[in-house]
Amino acid sequence: MSDSQKSKGSSGRSYRGGAGITKTPKKSRGRTESSRRWIQRQLNDPFVAEAKARGFRSRAALKLEQIDQKHKILTHNASVLDLGCAPGGWLQYASQKIGLTAGHGRLVGIDLLDTDPVAGADILKGDINDDAMMREIIRLLGGKADVVMSDMAADTTGHRSTDHLRTTALLDIALDMASRVLTPGGVFLAKCFRGGAEKDALDVMRRDFAVVRHIKPAASRAESVESYVLATGFRGEAPQDLSGDDHKL
Ligand SMILES: C[S@@+](CC[C@H](N)C(=O)[O-])C[C@H]1O[C@@H](n2cnc3c(N)ncnc32)[C@H](O)[C@@H]1O
């Protein structure tokens, strides 16, 4: 990331805290070293300031905005599924782009955690691995989705390969969901910690989508292993599961 991006945020506006003044947490007694570092980083992060100033619930909203501005994934009236939606920054951004408050499009989200309401969106609290949740998502979508996006991440353990495997398992389940609900030509966007285990999921994406790209938006911290994978041009449904317990539309 360039210095100007660091101090100006993604919209080009500048912020206090990005002008060479390093903010430090007021009360740090009793905190662990890693939590002190996290708070300090939040206080001095221009994207946190920008997200807050623009009323987004999370800086993650700016990552989606940067991806969308470049790749045009969210269009007016689209039907969108957001996996791992709390606290709701992606929902807020997607809602604006599809015109949800004016009654256009459809927006369904799910997270293990509570998510504050977003006008017009259907938000579930639960685990995407739960079959009942999968069925409920399909019911709420009421048809095929144009975009399935997943920012799901497992709680980090600090053990790099464990964290990689846990996040890759979420990528796998998100891709499975996408293959069930996406419309032909649809888009799949997902968080992807690169490290090797994601290879199978990438192979499936290359088979089932016209184009697969790796993306690292400016708002994704340079030091983080986080990146995103964007697959566009869904080719159509995967072969039907004839076992009888099949959630396809
Ligand atoms: C980085 S946050 C998402 C931030 C969100 N995109 C936003 O803009 O506010 C990742 C979320 O994934 C959720 N998550 C992790 N595993 C999940 C699962 N199995 N089912 C549903 N949500 C899950 C976590 O609870 C967490 O809230």
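All residue numbers in this chain count up from 1 along the given sequence. For ligands, and for the atoms within them, numbers begin at 1 and follow the listed sequence.
Salt-bridge annotation for Asp114 and Lys125: present, with a side-chain N of the basic residue lying under 4.0 Å from a carboxylate O of the acidic one. At a threshold of 4.0 Å, the pair Arg180-Asp176 counts as salt-bridged, since one of the basic side-chain nitrogens sits closer than that to a carboxylate oxygen. Salt-bridge annotation for Asp45 and Arg221: present, with a side-chain N of the basic residue lying under 4.0 Å from a carboxylate O of the acidic one. Taking a cutoff of 4.0 Å between a charged side-chain nitrogen and a carboxylate oxygen, Arg57 and Asp116 do not qualify as a salt bridge. Glu226 has a carboxylate O that lies under 4.0 Å from a charged side-chain N of Lys63, or vice versa, which qualifies the two as a salt bridge.
In this structure Ser150 satisfies the side chain to side chain contact (heavy atoms under 4.5 Å, CB included) test together with Leu83, Met152, Ala174, Ala190, sequence neighbours excluded.
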Tabulation required: pairs of a nitrogen or oxygen in ligand 1 and a protein nitrogen or oxygen under 3.5 Å; columns are atom names and distance to 0.1 Å; otherwise 'none'.
residue  : atom   : partner : partner atom : Å
ligand 1 : 6 (N)  : Asp151  : OD2          : 2.8
ligand 1 : 8 (O)  : Ser58   : OG           : 3.0
ligand 1 : 8 (O)  : Gly89   : N            : 3.3
ligand 1 : 8 (O)  : Trp90   : N            : 2.9
ligand 1 : 9 (O)  : Ser58   : OG           : 3.0
ligand 1 : 9 (O)  : Pro87   : N            : 3.3
ligand 1 : 9 (O)  : Gly88   : N            : 3.0
ligand 1 : 9 (O)  : Gly89   : N            : 3.0
ligand 1 : 19 (N) : Asp127  : OD1          : 2.9
ligand 1 : 20 (N) : Ile128  : N            : 3.1
ligand 1 : 22 (N) : Leu112  : N            : 3.4
ligand 1 : 25 (O) : Asp111  : OD1          : 2.6
ligand 1 : 27 (O) : Ala86   : O            : 3.4
ligand 1 : 27 (O) : Asp111  : OD1          : 3.1
ligand 1 : 27 (O) : Asp111  : OD2          : 2.8

